[in-house]
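Within every chain, numbering begins at 1; the chains are lettered A, B, ... in the order of the sequence lines, protein sequences first and strands thereafter. Atoms considered below: every heavy atom in the structure, side chains included; atoms not considered: hydrogens, waters and symmetry mates.
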Amino acid sequence: MFERAMTTDTTFDLKATVNLPRTGFAQKANLTQREPERLARWNHIDLYSEIRRARAGRPLFVLHDGPPYANSDIHIGTAMNKILKDFIVKSHAMMGYDAPYVPGYDCHGLPIENYVDKKLGAKKSQMSPVSIRRACREHAAQALKRQTRDFQRLGVLGEWDDPYLTMSNAYEAETARLFGHFVERGYVYKGARPVYWCIHDQTALAEAEVEYREHTSPSIYVKFPLPEDQVRELARRLAETDKEASAALLADLGGKPFFVLIWTTTPWTLPANLGIAVNPRFDYAAMDVGKEVYIVANDLVEAVSEKCGLRMNTFYCEPRVVARFRGSALEGLQARHAWIDRPSLLMTGEYVTLGGESDAETELDVADAQKKGTGKAGTGCVHTAPGHGHDDFLSGQKYRAQLAAVYDQLREAGALPGQMEGAEVYCPVDNAGRFSSEIEGFAGQQVFEANKNIVDFLRDTGALVFTEDYAHRYPHCWRCHQPVIFRVTPQWFISMDTPSKEVREYSSDSLREGALREVERVRWIPAWGRERMSGMFKGRPDWCVSRQRVWGVPITVFYCSDCGETILDAEVIEHVAGVFERETADAWYAREAEYLLPDGFACPACKGTNFTKETDILDVWFDSGSSSLAVLARERSLPWPADIYIEGPDQYRGWFNSSLMVGLAAHDQAPYKMVITHGWTVDGEGKAMHKSTGNAISPNEVIKESGAEILRLWVASSDYTEDVRLSNEILKRLVDAYRKLRNTARFALGNLFDFDPERDRVPETEMWEIDRWAMAASREVSRKVVDAYKNFDYTSVYHALYNYSTVTLSAIYFDILKDRLYTFAPESEGRRSAQTALYEIVDCLARLLAPILAFTADEIWENIPGSREASVHLAEFPEAVEREGDKELLEAWRRLFEVRSTVQKTLEEKRNEKVIGASLEARVILRASGATFELLEKYEDLLLAIFIVSQVELHWTEAQERNLYGELRVEVEHASGTKCERCWNWSESVGEDASYPTLDARCIRQVKKGWGER
RNA sequence: GCCCCUGUGGUGUAAACGGCAACACAGCAGGCUUAUAACCUGCAAGCACCGGAUUAGUGCGCGAUCCGGGUUCGAAUCCCGGCGGGGGCACCA
């Protein structure tokens, strides 16, 4: 192993007696090439399973993976998410936990279906749902394959060959079963909700399927009468705060009819009008236009007068504002419908804005029109048809009680066919967009065609104040390019407030109660997560789980063909789930109802045996929300709830949310004990990364450029509780940092080339004191780092290890050690002592770095002498205990290094004066007093090594002299004697021994010891 | 419109509790040529004082904590108000 120190005769090879470092651990990392090789090796030895095996029987620590959407390639945010998960899993394995990691993929849903739609084009309409689903399944499978490859490339260990897929048989079956839990508890109901509806294709459209195009609608201003008793009520209300306005109203009331003036661009929605919304905070005005009084928003009095030409109508005066009052004063009053004999309730809504917005479904378009300078339109009084608009619908819900009488009337008239009591919404338009029969005068007309007729009718009856054509952007169907309408259709909901039926082990809690309770029990990092989550549940409406799509888990409900009875039954669902288990949920489309239902099933209402199947599928959030139960509890026999969820902040409304719902439905409990949220990735300036802004950095590019290790180091160095910055400059810094860490390890490894821990290890008590100091320092940093890992604080891990490597090791300890390592006889006590310390240090360093620098730590590990686990990831963290005397040692040496730093400053001065070059050319003269003198005297023998100089003199001196650093005075002059050719120390002893004319006494001793007499 | 998070040298990050703003990189000036595409050291403004002068030393205010106020003996930290960035809700693409 050693080169021969002595050549055969005359030449004495001095160089060969210097123990320079040797190692196969290359200085150049060459990560882009070496990482894949290491991955292959891990794969080969099945490292993940090995780790699980090594920890079998130990306490479990379960991080449950939030499934990324199996659509596009991974981006920097998903990469960070996976790397953080890997930190958690690897570090917990090294803490001694059995820490499984089952990655998953979210496979159902609209984006995939849309993608497939586009690919299939016109063909899709001819395809059966089963074939479409097959195409979606295929697409998801391909995308997740690519993602898997990319995730693995990051160095993330897990069950990659068997991830969980929300589209697998078992998973789809469990999703259906979990829906059954909601059913069993009585949380599920069918209600109504407004959706985009294409009357041409006769289908609901998702938002993503709507495109906005230019469209011309009739803009109309319509009078809704406000009866005398209602005006009196308004005056009575105002009397409390504003007697004048009140009196003025009453005065005007003599003979003049009052109207609320509304504006809309969708005349066809007027038959469905049930109310008028005003903003409670805005001022409204009663405006006398001569023979009539109109109520409009105060700020729009002029605009409306102008637009409707109201000045022309009254030859003797301008419109006169009779009274002003808050919108809130109108709430609850009953205007009359413009022509139908029923009340139109005055409602308040914050969504009502000035400047023209009227119908909810065209609000956007008006704003758009304004930008274009089309001018103001609207009255501040918004015609509200709960069946035809989003805000309208919500207002309809809000005022359900006040509208009850109207609904009773409609129901009696047969205008609410087949709707569920309590959840009914008036929507007199059928699938084809035709008015239903009770709409007098317009029954059977298609809504867009009816527009003109309605306007004419309004003009004839005198309700119309003004009309004009109005060009704006209006939603159209992306497939047939026809304008769409807003229409309420039946949807399945999960109720937030219905108390649970008391069946099985369930509590009687409503989902909202349960959620608010569980949120308190979960640990949230950062802590504001709790607030955010509970705020979310306090306000959230019932969960609409229906999607009118194909690619997902069907809502497993049947309808009796004979009597229309809805079969919403957990036992039936359980049976269907059994079929899914065998055939996937495709069975819902491929099989007849009879096959899916239990044998001999008959309608509980009419005993009929013919059934149709529900066509809606479940919201994808329901799928992924089922994951903890489908995966942990069902598929993999892991404990539930999980110890930890960690995702981006978008998951508060997403996965964290739906998972909690499902956990509550099944077990009255949150599926997680702890939830960590990490920030978004942003660019160097803190701006969001977008493909369109061009500041996005793709993980695959970074890997190609610098290696996955750099990405991992980036994640570790960043504070993930905030937004995380990434730029090329940051990456450059990280490459530097990486190099520093790598070289630090390399030095230690290089100096262990002849060290066999079994044979050469020196017991700690017999080590040199500085080496014992180094051992204590290593333990100190281990404690700090392991602690940080326990707190998921990887930034502290990074900084602790980085500072330790650069300062403690590289700048101080290793520098001091060089002389001893290189010039002492190989097997001398002093060298072995140093090597023992290096051995411990690099062993600790590899373990502590392993979760972060997964590749490099393993490479270090392989280069440490001695027998050890096949991979550092199989090892555990160093035992982080403080030993007797560590504290004192660290303190004493801290002070010695302060002196060292002072000495170095003086050395630098002399270097600038050209008195010395290398520090070994120096003689240091120390004059000290007090405690400093005592300390230096105690360590006098070691001062040469500590300062890395050739000669040191220590004198006791009184303080108060020039050149004082506290109680220490440092002088530096050139060392005496001659430079030893071997160790470069300067010494008077060089030349004393004629056999070694160029060596100093110390080297001669070491050479004789190590390589024998000459 | 409302709410939450965030802002420290050129760059990246530190600094329980309010207590000397630290580390590294980059930059500058050097050293070493035995970690060598490595490693090591030093350096970040001013005024006054001391002093023949240089090196060094002393005192003061000041400082890179986004800006402006406030609380405090003392603020990066706590409070209020702005500005920039990010996100959420509502709404919209």
Self-check item: Paired nucleotide for B:G57 [Watson-Crick or G-U wobble; both distances under 3.5 Å]
Solution: B:C49
Quiz item: What is the nucleic acid contact for A:Lys784, judged by heavy atoms within less than 4.0 Å: base, sugar-phosphate only, or nothing?
Solution: nothing
Quiz item: Do the side-chain N or O atoms of A:Tyr822 get closer than 4.0 angstrom to the phosphate oxygens (OP1, OP2) of B:A35?
Solution: yes
Practice problem: Give the nucleotide from the list B:G87, B:C4, B:A38 with an atom nearest to the side chain of A:Arg739. | Solution: B:A38
Practice problem: Drop me the distance from A:Leu853's CG to A:Leu848's CG, to the nearest 0.5 angstrom. | Solution: 11.5 Å
Quiz item: Under 4.0 Å between a side-chain N/O of A:Ser919 and OP1 or OP2 of B:G31, yes or no?
Solution: no
Quiz item: With sugar-phosphate meaning primed atoms plus P, OP1 and OP2, does A:Gly750 contact a base, only sugar-phosphate, or nothing at under 4.0 Å between heavy atoms?
Solution: nothing
Exercise. Indicate, with a heavy-atom threshold strictly under 4.0 Å, whether A:Thr795 touches base, sugar-phosphate, or nothing.
Key: sugar-phosphate
Quiz item: Would you call the rings of A:Tyr798 and A:Tyr802 parallel, tilted or perpendicular, where under 30° means parallel and over 60° means perpendicular?
Solution: parallel
Quiz item: Quick one: is the NZ or CZ of A:Arg831 closer than 6.0 Å to the six-membered ring centre of A:Phe755, and within 45° of its axis?
Solution: no
Quiz prompt | B:G9 and B:C3, which share atom name P, separated by this distance in whole Å | solution = 29 Å
Self-check item: Rounded interatomic separation in angstrom, taking NZ from A:Lys905 and P from B:G31
Solution: 20 Å
Exercise. Would you mind reading off the distance between A:Tyr813 atom OH and B:C39 atom P, rounded to a whole angstrom?
Key: 19 Å
Exercise. Give a yes/no on whether any side-chain N or O of A:Arg653 is located under 4.0 angstrom from OP1 or OP2 of B:C89.
Key: yes
Quiz item: Expressed in angstrom and rounded to an integer, what is the separation of A:Asp815 atom CG from B:C39 atom C1'?
Solution: 7 Å
Quiz prompt | Rounded P spacing from B:U71 to B:G52 in Å | solution = 48 Å
Quiz item: Does a donor on one side chain sit under 3.5 Å from an acceptor on the other, for A:Gln835 and A:Asp754?
Solution: yes
Quiz item: Does the salt bridge (Lys or Arg N to Asp or Glu O under 4.0 Å) test come out yes or no for A:Asp736 and A:Arg739, once each step is laid out?
Solution: CA-CA 5 Å; A:Asp736 288 338; A:Arg739 198 179 302 136; 3.5 Å; yes
Quiz item: P atom, B:C80 versus B:C4: distance in rounded Å?
Solution: 10 Å
Quiz prompt | Pairing nucleotide - B:G1, Watson-Crick or G-U, each distance under 3.5 Å | solution = B:C89
Exercise. Would you kindly give the CZ-to-P distance between A:Arg911 and B:G31, to the nearest whole Å?
Key: 9 Å
Quiz item: Minimum heavy-atom separation for A:Ala800 to A:Val785, with atom names?
Solution: CB-CG2, 3.9 Å
Self-check item: Inter-nucleotide P distance (B:A16, B:C78), Å rounded
Solution: 12 Å
Quiz item: NA contact type, A:Arg742, heavy-atom cut-off 4.0 Å: base, sugar-phosphate, or nothing?
Solution: nothing
Quiz item: Atom CZ of A:Phe747 and atom P of B:A38: how far apart are they, to the nearest Å?
Solution: 16 Å
Self-check item: Salt bridge A:Lys905-A:Glu908, side-chain N to carboxylate O under 4.0 Å
Solution: no
Exercise. Could you check which nucleotide pairs with B:C28 in any of the strands shown, counting Watson-Crick or G-U wobble with both distances under 3.5 Å?
Key: B:G42
Quiz item: Considering only the P atoms, how many Å lie between B:G87 and B:A35, rounded to the nearest integer?
Solution: 49 Å
Self-check item: Pair assignment for B:A14, Watson-Crick or G-U wobble, requiring both distances under 3.5 Å
Solution: none
Exercise. Identify whether any heavy atom of A:Lys538 sits under 4.0 Å from a base atom; if not, whether one sits that close to sugar-phosphate; answer base, sugar-phosphate or nothing.
Key: nothing
Practice problem: Going 5' to 3' through nucleotides 16-28 of chain B, assign each nucleotide B (protein heavy atom under 4.0 Å from a base atom), S (under 4.0 Å only from sugar-phosphate atoms) or - (no protein heavy atom that close). | Solution: -------SSBS--
Practice problem: Between A:Asp719 and A:Cys983, just flag the one whose closest nucleotide in RNA chain B comes earlier from the 5' side. | Solution: A:Asp719
Quiz item: Under 4.0 Å between a Lys/Arg side-chain N and an Asp/Glu carboxylate O for A:Glu898 and A:Arg894?
Solution: yes
Practice problem: Round to the nearest Å and state the distance from A:Arg725 atom CZ to B:U11 atom P. | Solution: 9 Å
Self-check item: 5'-most by nearest nucleotide on RNA chain B - A:Pro21 or A:Asp650
Solution: A:Pro21
Quiz item: Now, which nucleotide makes the Watson-Crick or G-U wobble pair with B:G81, with each of the two distances under 3.5 Å?
Solution: B:C67
Quiz item: For the pair made of CG in A:Asn743 and C1' in B:A38, what is the distance, rounded to whole Å?
Solution: 6 Å
Exercise. Measure from the side-chain heavy atoms of A:Glu908 and tell me the nearest of B:G88, B:U41, B:A35.
Key: B:U41
Practice problem: Using the P atoms only, state how far B:A26 lies from B:G42, rounded to an integer number of Å. | Solution: 16 Å
Quiz item: Between A:Asp819 and A:Arg1002, is the closest basic N to carboxylate O distance under 4.0 Å?
Solution: yes
Quiz item: What integer number of Å spans the C1' atoms of B:G68 and B:A75?
Solution: 15 Å
Self-check item: A:Asp650 vs A:Arg653, salt bridge (Lys or Arg N to Asp or Glu O under 4.0 Å): CA-CA, chis, key distance, verdict
Solution: CA-CA 6 Å; A:Asp650 50 337; A:Arg653 75 180 274 98; over 6 Å; no
Practice problem: Give the rounded distance in Å between these two atoms: CZ of A:Arg900 and C1' of B:U41. | Solution: 10 Å
Exercise. Ignoring backbone atoms, test whether A:Gln27 places a side-chain nitrogen or oxygen under 4.0 Å from the OP1 or OP2 oxygen of B:U36.
Key: yes
Quiz item: Distance between the P atoms of B:G7 and B:C66, in whole angstroms?
Solution: 8 Å
